[in-house]
Participant: 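The structure that follows is given in the form of structure tokens.
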Amino acid sequence: SGINAEYGDRNQDGRLSFEDLRQGFNKSGYRISGDELRALVQRFDMDGDGALNFHEMLTVMACLQQSNQAKDDLLKVFNAMDANGNKQISKKELQSSMALYCDQHLSDKEMDDIMAQVDFDNDGYMSFTEFAKCIHLFKK
């Protein structure tokens with residue numbers, strides 16, 4: 001089996017062109033910019049034909065699935081730390097979480113230093129986006 005019209009291969013040549021992919025992502029509700037899509041094709045187009053064949057598209061789908069699972073896992077951790085459920089982590093919630101989950105009992109001064117590094121928009125809280133960025137930085 002290969003790629004067919006159901007998967008967005010409009011001319012049924014067994015490949016997904018940039019335009020096929022753009023329309024397919026839009027149709028599925030997955031937001032991706034033109035630059036991101038070009039980078040995706042460039043990264044996964046192993047035979048260099050400027051389009052994705054069935055095997056290349058399977059690789060893309062596996063990576064997207066893995067990325068979505070990682071985001072779901074991060075969200076579970078974030079929600080566990082967000083004690084009051086307001087979709088943001090306060091300094092006190094972070095301090096409590098560090099003590100509970102990491103056995104790190106940090107002073108208010110230490111917490112101020114940490115919040116200064118992770119609260120990118122300086123609103124006094126860590127959003128999920130800020131949390132995810134921090135986790136990504138620590139993974140490197």
Side-chain angles (χ1 to χ4, degrees):
S1 137
I3 295 174
N4 59 31
E6 179 184 343
Y7 293 102
D9 182 13
R10 293 170 300 135
N11 66 359
Q12 297 187 11
D13 65 354
R15 304 169 32 225
L16 294 176
S17 68
F18 177 86
E19 189 56 29
D20 291 337
L21 289 164
R22 188 187 68 73
Q23 288 185 14
F25 278 117
N26 284 341
K27 200 184 213 182
S28 73
Y30 192 91
R31 298 282 167 247
I32 187 168
S33 72
D35 288 341
E36 290 170 324
L37 186 54
R38 272 185 276 288
L40 182 136
V41 171
Q42 193 170 29
R43 178 177 172 198
F44 292 100
D45 178 20
M46 296 302 155
D47 59 13
D49 67 355
L52 299 182
N53 64 33
F54 182 68
H55 297 290
E56 292 164 343
M57 193 60 200
L58 284 179
T59 304
V60 169
M61 292 168 69
C63 288
L64 289 174
Q65 176 63 33
Q66 189 175 28
S67 174
N68 286 339
Q69 183 60 52
K71 185 177 179 183
D72 289 347
D73 291 345
L74 268 185
L75 190 56
K76 287 176 188 168
V77 172
F78 179 86
N79 288 336
M81 295 172 71
D82 178 20
N84 65 6
N86 68 346
K87 305 290 183 226
Q88 52 189 13
I89 297 173
S90 69
K91 180 176 86 170
K92 286 291 180 198
E93 287 172 325
L94 183 58
Q95 192 173 29
S96 296
S97 295
M98 294 290 288
L100 182 63
Y101 301 117
C102 305
D103 200 27
Q104 296 288 316
H105 302 276
L106 303 174
S107 70
D108 286 342
K109 167 74 174 102
E110 289 170 313
M111 290 308 303
D112 288 339
D113 292 344
I114 290 172
M115 285 301 287
Q117 295 174 41
V118 300
D119 180 18
F120 300 117
D121 63 5
N122 296 313
D123 68 351
Y125 297 91
M126 186 173 17
S127 67
F128 177 71
T129 301
E130 291 166 329
F131 178 74
K133 282 181 185 175
C134 290
I135 297 298
H136 183 69
L137 291 174
F138 290 123
K139 280 185 169 181
K140 289 186 176 181

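Values in this document were obtained by computation on a predicted structure and should not be read as measured data. Values below: every heavy atom of this structure, side chains too, minus hydrogens, waters and symmetry copies.
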Participant: Are side-chain heavy atoms of Arg38 and Gln42 found at a separation under 4.5 Å?
Facilitator: no
Participant: State plainly whether one hydrophobic cluster holds both Ile89 and Leu75, where clusters connect Ile, Leu, Val, Met, Phe, Trp and Tyr through side-chain heavy atoms under 4.5 angstrom apart.
Facilitator: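 Yes, same cluster.
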Participant: Should Asn79 and Phe128 count as side-chain neighbours, where that means a heavy-atom distance under 4.5 Å?
Facilitator: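 SC-SC contact between Asn79 and Phe128 ruled out.
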Participant: Given Tyr125, which partner from the list Asp121, Asn122, Asp123 fulfils the side chain to side chain contact (heavy atoms under 4.5 Å, CB included) test?
Facilitator: Asp123
Participant: Please report the interatomic distance CG(Asp82) to OG(Ser127), rounded to the nearest 0.5 Å.
Facilitator: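 Rounded to the nearest 0.5 Å, the CG-OG separation comes out at 11.0 Å.
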Participant: To the nearest 0.5 Å, how far apart are CD in Gln69 and CG in Leu74?
Facilitator: 10.5 Å
Participant: Can you give me the closest heavy-atom contact between Ala51 and Arg15, atom names plus distance?
Facilitator: CB-NH2, 3.3 Å
Participant: Check whether any side-chain heavy atom of Glu130 sits under 4.5 Å from a side-chain heavy atom of Val118, and report yes or no.
Facilitator: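 A side-chain contact under 4.5 Å is absent here.
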Participant: Say whether, by atom type as modelled, one donor and one acceptor occur between the side chain of Gln117 and the main chain of Ile114 under 3.5 angstrom.
Facilitator: no
Participant: Got a salt bridge between Asp112 and Lys91, using NZ or NE/NH1/NH2 to carboxylate O under 4.0 Å?
Facilitator: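 Salt bridge present between Asp112 and Lys91.
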Participant: Looking at Asn86 and Glu93, what are the two nearest heavy atoms and their distance?
Facilitator: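 Closest approach of Asn86 to Glu93: OD1-OE1, 4.5 Å.
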Participant: Can you tell me how far apart CE (Met126) and CG (Leu94) are? Round to the nearest 0.5 Å.
Facilitator: 4.5 Å
Participant: Determine, using the 4.5 Å side-chain heavy-atom cutoff (strictly less than), whether Leu37 and Met46 are members of one ILVMFWY cluster.
Facilitator: no
Participant: Quick one: closest heavy-atom pair of Phe44 and Glu56, and the distance?
Facilitator: O-CG, 3.3 Å
Participant: Tell me which pairs pass salt bridge (charged side-chain N to carboxylate O under 4.0 Å, His left out) where either residue lies in residues 102-111, with sequence neighbours left out.
Facilitator: Lys92-Asp108, Lys109-Asp113
Participant: For Val41, which residues count as a side-chain contact (heavy atoms from CB on, under 4.5 Å) partner, sequence neighbours excluded?
Facilitator: Leu21, Asp45
Participant: Out of curiosity, Ser96 OG to Met81 CE, how far, rounded to the nearest 0.5 Å?
Facilitator: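 Here the rounded value is 9.5 Å.
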Participant: Name all pairs fulfilling the salt bridge (charged side-chain N to carboxylate O under 4.0 Å, His left out) condition that reach into residues 59-77, sequence neighbours left out, sorted by first residue then second.
Facilitator: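 Listed by first then second residue: nothing to list.
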Participant: Atom CZ of Phe18 and atom CG of Leu52: how far apart are they, to the nearest 0.5 Å?
Facilitator: 11.0 Å
Participant: Find out whether Val77 and Phe131 are in side-chain contact, i.e. whether some heavy atom of one side chain is under 4.5 Å from a heavy atom of the other.
Facilitator: yes
Participant: Measuring from atom CG of Leu40 to atom OG of Ser33, what distance do you get when rounded to the nearest 0.5 angstrom?
Facilitator: 10.5 Å
Participant: Would you name the heavy atoms of Met115 and Gly124 that are closest together and state the gap between them?
Facilitator: CE-O, 3.6 Å
Participant: Keeping the roles fixed (side chain from Asp20, backbone from Ser17), state whether a donor-acceptor pair exists under 3.5 Å.
Facilitator: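 Yes, Asp20 side chain to Ser17 backbone: donor-acceptor pair under 3.5 Å.
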Participant: Is a salt bridge present between Glu19 and Arg22, judged by a nitrogen-to-oxygen distance below 4.0 Å?
Facilitator: yes
